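Heavy atoms only: backbone and side chains are in, while hydrogens, waters and symmetry mates are out. Because the structure is a prediction, the values reported are computed rather than measured.
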Amino acid sequence: GTAEGLEGLPEFSEIPATTPAVPAEQPLQSVEVVVEPPKQPWSHSLFGCFDMDTKLLGLTLCCPCITFGANAELLGEDWMLYCLFCILPGPMCYFGPYIRNKIRTTFEIEGSDSSDVLSYLLCPCLSIVQETQQLKSAGMKPGGDAMNRA
């Protein structure tokens, strides 16, 4: 018999037995996987400034705008404008990580936007020194003209 509520449906024996068609086997398509080369670390750690150039550390601690402006100038930015950004805390929260990101991108250094922001929120002067050391280790002379202004 049939169960209640299933009236009007065909009996199981009345359903034709068919096998679904199996699609023809298609050749596998090759997928190109792009593997990025591993990023390199910073040439000096964030706290590596203590065993490096003490003049640079002293200058940056006393007047970070000079060092920051010099770094920005090496990256094609206007020294005076970035020096002013460094004096004002609001713009520095944006332009500090912007310059850091520009250095990371140029030299293919590991890190992220959030790590750039965090380094400037927690220790901006040490971030500036680390960036200067990175530029120096790449053969760039930070502050050629800018440092002579001070």
Side-chain angles (χ1 to χ4, degrees), residues 5-6 9 12 15-150:
L6 298 178
L9 293 177
F12 183 73
I15 299 175
T18 57
T19 315
V22 177
E25 191 172 316
Q26 297 183 6
L28 295 175
Q29 295 178 352
S30 64
V31 176
E32 187 175 326
V33 177
V34 178
V35 178
E36 288 187 33
K39 304 272 184 180
Q40 61 185 7
W42 288 89
S43 60
H44 301 280
S45 72
L46 189 60
F47 301 101
C49 60
F50 294 112
D51 60 352
M52 299 308 272
D53 187 350
T54 55
K55 284 184 183 179
L56 174 63
L57 179 61
L59 174 66
T60 306
L61 288 173
C62 292
C63 197
C65 59
I66 293 173
T67 312
F68 184 68
N71 290 347
E73 186 175 54
L74 279 177
L75 297 168
E77 304 294 341
D78 180 71
W79 178 84
M80 183 60 78
L81 186 62
Y82 277 78
C83 187
L84 290 173
F85 288 153
C86 189
I87 293 170
L88 305 169
M92 191 59 182
C93 290
Y94 174 78
F95 290 104
Y98 168 75
I99 291 295
R100 190 169 181 84
N101 180 280
K102 204 167 182 180
I103 292 171
R104 274 192 320 99
T105 304
T106 302
F107 299 106
E108 296 181 353
I109 298 171
E110 61 191 16
S112 64
D113 293 342
S114 58
S115 69
D116 295 339
V117 171
L118 209 56
S119 71
Y120 266 89
L121 287 175
L122 299 177
C123 31
C125 288
L126 297 182
S127 297
I128 294 169
V129 170
Q130 183 186 37
E131 293 159 13
T132 305
Q133 289 176 330
Q134 182 67 43
L135 294 170
K136 281 183 176 180
S137 70
M140 301 173 90
K141 186 179 178 220
D145 292 332
M147 293 294 195
N148 292 330
R149 292 185 186 110

Practice prompt. Please report the C-alpha distance between D113 and R104 in whole Å, then the side-chain angles of each, then the deciding distance to 0.1 Å, and finally whether the salt bridge (charged side-chain N to carboxylate O under 4.0 Å, His left out) criterion is met.
Written response: CA-CA 10 Å; D113 293 342; R104 274 192 320 99; 3.5 Å; yes

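- Among all heavy-atom pairs drawn from V117 and P97, the shortest one is CA-CG, 3.7 Å.
- A search for ring pair (Phe, Tyr, Trp, His ring centres under 6.0 Å) contacts involving F95 returns Y82, F85, not counting sequence neighbours.
- By the side-chain contact (heavy atoms from CB on, under 4.5 Å) test, P124 is found to be paired with Y120, residues two or more places apart in sequence or in another chain being considered.
- Heavy atoms of other residues, nucleotides or ligands lying less than 6.0 angstrom from CD of E108 number 12 at most.
- Residues satisfying the side-chain contact (heavy atoms from CB on, under 4.5 Å) criterion with C63, sequence neighbours excluded, are C65, I66.
- A search for side-chain contact (heavy atoms from CB on, under 4.5 Å) contacts involving S112 returns S114, S115, not counting sequence neighbours.
- Across all non-hydrogen atoms, the minimal contact from L74 to M140 is O-CE, 3.6 Å.
- Scanning both residues, W79 and A70, for their nearest heavy atoms gives CD1-N, 3.2 Å.
- Partners of S43 under the side-chain contact (heavy atoms from CB on, under 4.5 Å) rule, at least two apart in sequence or in another chain, are Q134, S137.
- Atom CD1 of residue I103 and atom CD1 of residue I109 lie 7.5 Å apart, to the nearest 0.5 angstrom.
- Proximity of a side-chain donor or acceptor of Q133 to a complementary backbone N or O of W42 within less than 3.5 Å is not detected.
- S127 contributes a side-chain N or O that, together with a main-chain N or O of S119, makes up a donor-acceptor pair within less than 3.5 Å.
- Across every non-hydrogen atom of E131 and I99, the tightest pair is OE1-CG2, 4.0 Å.
- Pairs passing the side-chain hydrogen bond (donor to acceptor under 3.5 Å, both in side chains) check and including a residue from residues 55-64, sequence neighbours excluded, read T60-T67.
- Note that CG of L57 is 11.5 Å distant from CD1 of I128, once rounded to the nearest 0.5 Å.
- No side-chain heavy atom of V129 sits under 4.5 Å from any side-chain heavy atom of L46.
- The shortest heavy-atom contact between Q40 and F107 is NE2-O, 2.8 Å.
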